[in-house]
Enquirer: 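Sharing a structure below in structure tokens format, with a few things to ask.
Every chain is numbered from 1 and lettered A, B, ... according to where its sequence line falls, protein lines coming before strand lines.
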Protein chains: 2
Amino acid sequence: MAQDKVTSIDVARLAGVSQSAVSRVFTPGASVSKRTAQKVREAAEALGYRPNILARSLITGRSRIIGLVVAYLENYFYPEALEKLSNALQAEGYHVLVFMASQTAGNIDDVLTEILDYQVDGIIMASVALSSDLSSRCQAAGVPVVLFNRHQDDDTLTAVISDNAGGARMLASFLVEAGHERIAHIAGWEGASTQRDRESGFRDGLAACGRALFAREVGNFEPETARQAARRMFDREDRPDAVFVANDHMAFFVMDVLRFELGLQVPDDVSVVGFDDVPPAAWPAYGLTTVRQRANRMVEETVKALLERIENPHADPKRIALDAPLIVRTSSRTPEGWGR
Amino acid sequence: MAQDKVTSIDVARLAGVSQSAVSRVFTPGASVSKRTAQKVREAAEALGYRPNILARSLITGRSRIIGLVVAYLENYFYPEALEKLSNALQAEGYHVLVFMASQTAGNIDDVLTEILDYQVDGIIMASVALSSDLSSRCQAAGVPVVLFNRHQDDDTLTAVISDNAGGARMLASFLVEAGHERIAHIAGWEGASTQRDRESGFRDGLAACGRALFAREVGNFEPETARQAARRMFDREDRPDAVFVANDHMAFFVMDVLRFELGLQVPDDVSVVGFDDVPPAAWPAYGLTTVRQRANRMVEETVKALLERIENPHADPKRIALDAPLIVRTSSRTPEGWGR
DNA sequence: TTGAAAGCGCTAACAG
DNA sequence: CTGTTAGCGCTTTCAA
């Protein structure tokens, strides 16, 4: 029998105090006597009263809602990030309102509009870039934005990323030291900053050893495209003996093509390395050598940066890059002296 | 320069109409003349005005927010469900506010309280059960609840599930027909209705063929517990020749123990079957025979049921069970005439 | 069709 | 410390 909503007035009446007294009891830094607080709490308890966050936010200007835009839950890096982000924000008294966006963007515009309609206190864009136009709309609305696992060329937005270039550079020297001669790359979606940074880091790493890329295909971060890329690259005589796939998600599909379609041995015929260190990378059926993105730290920094900017909207944007360690497993030949 | 928020009053002033006229223009079924609407829209556009959903909900009693409680994103069935749910609700003009809960419950109480604080229009509990106490709190608050992939014994809540028992029954006769003699089960968390239904369906299926369970261990839906269960079950002479693992998530870890720790061949030494059909089940390195939960249909039904109950809070709760087809892959011996 | 006015449930001055 | 009084930005009667 859906009871009518209990308001602070009902509580006030029952406790024999004013309505504002009730409000104060539920407002952290307010001044109330123990006696009043006690009475109010009892009345509230009895009536099952809880303050209406929406009404409160109308006046405080804070909704305690963070908009999270995400576009790629098939990549298992993101469910993990989402879970941790949500938990971390929950611990700070915020909650996450989810907005799914396809990465082809375009609809990012509409999504952003919807987000702003909800008067969110902040926005986290996971795996989505933002035009400078959109970014200034948020600015205008006074809503801080933090990019998660992406950055923009213009340094106008705060971004939390891994050291993608550095990680890929390690991967390159690791493969060279393992004695590989024909080292290839399967790229992700070229619009992504992660892709650009990883590829350029990898090329730099090879160059530092006096090498260059032996072959390159684009997998677009998608399973089927990655499989086709693998087929084009490996179904021929002069095939690579090592390949850096731009993320783990694609690397699994590439390995499957190599082993089950083309009958190649990994790592004997070809070493495969990825990037992200999502959970299946550690499953022995893949044992993927990869670079770990420290999800916990990324989340920590993202939440910290966002809350900072909520407190102080005029703080300068900054780019936070976390180190990303090499994780050696069985999908790659191991250089002398690296030892598992 | 975080501009001050634009309100309907600003728009009204610019358009030379009353504030309520502005409101009407943005309220679907309201009566406004074309001329007024036109003027208002132009002014709104010029000022970048959008109605404040929170203020609106204060008066309409509808927040267009759906609370989603989820507790298990490591099981890749849930990211997929979350994505689809969010998309489906977005299409209906709702958005998802995420609440992470550990499945050990207990904190479900607090989570529920937080949810209700946000004045959500409805709640979806994915993979989380609800005490009848909590359930009546939602009732009292007039907030409809739909359980996703769970049901309660008391038929007091609307629930959308797969036909877990039926699916498991098929699995049983499939294994028997394939000629297996010693058929075992690795259970998930026994508090889950999915576990109970799958196990009893499986036992029924065996019984119908005049068989009984050869062995049983508990994996609790957790990787490490599942691995230990697999070791206890298979690291011995009189081991099963087939095992039904209660979900795919655990089945991967079980297969890894069998193949990489114990040196058993799958399916030659032992057939492994799971439940859910999460994406990695189709990866050739596992090729897991399993029962498919139709995520799309489950989401469809969940959204439909929830919206129905938002419209009509007094509708009777119902339990919706969707059929779940057997998906045969390479992790199991195939009976004569089943053909892949 | 339109404007004026009354709130939705709450917080935040402001006196006392 | 407490009650009174204004609103937050919006929707919704109610008359005109």
Enquirer: CZ of A:Arg13 versus C1' of C:dG9: gap in Å, rounded?
Expert: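 A:Arg13 atom CZ is separated from C:dG9 atom C1' by 13 Å.
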Enquirer: Establish, with yes or no, whether the OP1 or OP2 oxygen of D:dC1 is under 4.0 angstrom from a side-chain nitrogen or oxygen of A:Ser33.
Expert: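 Result: no.
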Enquirer: Do A:Tyr78 and A:Asn149 have side-chain N/O donor and acceptor atoms under 3.5 Å apart?
Expert: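 Per modelled atom types, A:Tyr78 and A:Asn149 side chains form a pair under 3.5 Å.
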Enquirer: List the residues meeting side chain to side chain donor-acceptor pair (under 3.5 Å) with B:Ser63, not counting sequence neighbours, and say none if there are none.
Expert: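 With sequence neighbours excluded, B:Ser63 shows a side chain to side chain donor-acceptor pair (under 3.5 Å) to B:Asp121, given in chain and number order.
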Enquirer: How long is the line joining CD of A:Gln38 and P of D:dC1, in whole Å?
Expert: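 Value for this atom pair: 16 Å.
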Enquirer: Using a 4.0 Å cut-off on protein heavy atoms (strictly under), produce a 5'-to-3' string for nucleotides 7-16 of chain D with B for base contact, S for backbone-only sugar-phosphate contact, and - for none.
Expert: BBBBBBB---
Enquirer: If I take atom OH in residue B:Tyr118 and atom C1' in nucleotide C:dG9, what distance separates them, rounded to the nearest angstrom?
Expert: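 Taking atom C1' of C:dG9 as the reference, OH of B:Tyr118 is at 17 Å.
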Enquirer: Using atom types as modelled and distance alone, determine if a side-chain donor or acceptor of A:Ser86 lies under 3.5 Å from a backbone N or O of A:Leu82.
Expert: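 Pair absent, no side-chain N/O of A:Ser86 close to backbone of A:Leu82.
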Enquirer: Looking only at side-chain N and O atoms, does B:Ser33 offer a donor or acceptor that is under 3.5 Å from a partner on B:Thr36?
Expert: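 Side-chain D/A pair, B:Thr36 to B:Ser33: present.
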Enquirer: Applying side-chain contact (heavy atoms from CB on, under 4.5 Å), run through B:Ile123 and B:Leu112 and close with a yes or a no.
Expert: CA-CA 9 Å; B:Ile123 298 177; B:Leu112 191 77; 3.9 Å; yes
Enquirer: Base, sugar-phosphate, or nothing: which does B:Ser57 touch, judged by heavy atoms less than 4.0 Å apart?
Expert: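 The residue B:Ser57 makes no contact with any strand.
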Enquirer: Is A:Ser31 near enough to D:dT2 that one of its side-chain N or O atoms lies under 4.0 angstrom from OP1 or OP2?
Expert: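 So the side-chain polar atoms of A:Ser31 never come under 4.0 Å of the phosphate oxygens OP1 or OP2 of D:dT2.
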Enquirer: Classify the side-chain pair A:Arg56/A:Thr27 by whether it contains a donor and acceptor separated by less than 3.5 Å.
Expert: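 On atom types as modelled, these side chains do not qualify, holding no pair under 3.5 Å.
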